[in-house]
Amino acid sequence: MEMTKGLVAILLTAILTQNFVLSKFLGICPFLGVSKKLNTAVGMSAAVIFVMALSTAVTYPINLFLESKDLAYLQTIVFILVIAALVQLVEIILKKYIPALYSALGIYLPLITTNCAVLGVVILNVDNGYGFAQSMFNSVGAGLGFMLAMVMFAGVRERMESCDIPKFMRGLPITLVAASLVSVSFLGFTGIVEHIFG
């Protein structure tokens with residue numbers, strides 16, 4: 001029971017209070033670039049969740065091997081290579097089976113390779129000393145948090161298109177103001193998660 005509670009706490013913390021986009025500010029490039037439409041935001045988020053979970057599953061045993069051989073200094077390089085290979089796999093699958101989404105994501109799909117949120121989650125799993133189950137819950141939670149931020153922000157941006165925005169605020173300025181407001185809205189979850197899991 002205590003183990004399950006701990007895993008749920010890791011999951012909710014990664015989704016709400018330690019959201020990679022809105023509190024750690026990782027993965028901002030796709031957050032700002034692909035969040036104009038809801039369907040592309042969901043598609044990109046699904047790809048990121050898949051890559052985060054798979055990269056954690058693959059890098060966990062690799063990291064154990066590196067640490068056992070005193071090669072921990074190669075950790076970041078190996079993690080980047082694994083993530084790059086997994087992104088290529090996702091790209092091939094999307095191109096073959098979902099070409100519309102592949103076209104809609106465009107340049108942002110290969111950018112998952114350099115998405116610091118994906119690399120950040122595998123490194124933070126190691127830094128936090130998480131076991132395999134904890135790492136997987138943290139990765140899936142981080143991916144779901146990424147999706148939640150993307151979907152919320154896509155909704156905000158779609159609503160902004162019908163608003164009468166002053167000329168000097170149009171484009172990037174109003175986008176950044178909206179992103180900061182969405183980020184601030186997540187601060188309220190901190191007290192809830194701490195109250196539940198203490």
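Heavy-atom basis, side chains included; hydrogens, waters and symmetry copies ignored.
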Approximate separation, where rounding is to 0.5 Å, of [X] [atom1] and [Y] [atom2]:
X      : Y      : atom1 : atom2 : value
Leu22  : Ile28  : CG    : CD1   : 7.5 Å
Lys37  : Glu161 : NZ    : CD    : 6.5 Å
Ile80  : Thr59  : CD1   : OG1   : 12.0 Å
Met52  : Ile83  : CE    : CD1   : 9.0 Å
Leu119 : Thr76  : CG    : OG1   : 6.5 Å
Met136 : Leu54  : CE    : CG    : 8.0 Å

Please answer whether the main-chain N or O of [Y] pairs with a side-chain N or O of [X] as donor and acceptor at a distance below 3.5 Å.
X      : Y      : answer
Ser183 : Ala179 : no
Asn19  : Val21  : yes
Arg157 : Met152 : no
Ser185 : Val182 : yes
Arg170 : Ile165 : yes
Glu158 : Leu38  : yes

Candidate pair Met147 and Val48, rule side-chain contact (heavy atoms from CB on, under 4.5 Å), full reasoning: CA-CA 8 Å; Met147 177 179 267; Val48 168; over 6 Å; no
same_hphob_cluster([X], [Y]) at 4.5 Å side-chain heavy-atom cutoff:
X      : Y      : answer
Phe132 : Phe137 : no
Leu64  : Leu81  : no
Leu89  : Val122 : yes
Ile92  : Leu86  : no
Leu74  : Leu124 : yes

Nearest non-hydrogen partners of [X] and [Y], listed with the distance:
X      : Y      : result
Ala142 : Ala14  : N-CB, 3.5 Å
Pro30  : Met150 : O-CE, 3.6 Å
Pro173 : Met169 : CB-O, 3.6 Å
Ala178 : Val156 : CB-CG1, 3.9 Å
Tyr130 : Ser135 : CB-OG, 3.4 Å
Ala53  : Val140 : CB-CG2, 4.2 Å

Leu94 and Val90: CA distance, side-chain angles, deciding distance, side-chain contact (heavy atoms from CB on, under 4.5 Å) verdict: CA-CA 6 Å; Leu94 286 180; Val90 170; 4.0 Å; yes
Side chain proximity check, [X] to [Y], heavy atoms < 4.5 angstrom:
X      : Y      : answer
Tyr60  : Asn125 : no
Leu148 : Leu16  : yes
Thr40  : Lys36  : no

Worked check of side-chain contact (heavy atoms from CB on, under 4.5 Å) between Leu11 and Leu7: CA-CA 6 Å; Leu11 184 74; Leu7 293 176; over 6 Å; no
Verdict with reasoning, Leu32 to Phe153, per side-chain contact (heavy atoms from CB on, under 4.5 Å): CA-CA 9 Å; Leu32 294 175; Phe153 196 54; 4.0 Å; yes
Aromatic ring proximity Phe20/Phe146, centre distance under 6.0 Å: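 No, the ring centres sit 6.0 Å or more apart.
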Val58: which of Val78, Val82, Asn63 passes side chain to side chain contact (heavy atoms under 4.5 Å, CB included):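 The single option meeting the side chain to side chain contact (heavy atoms under 4.5 Å, CB included) with Val58 is Val82.
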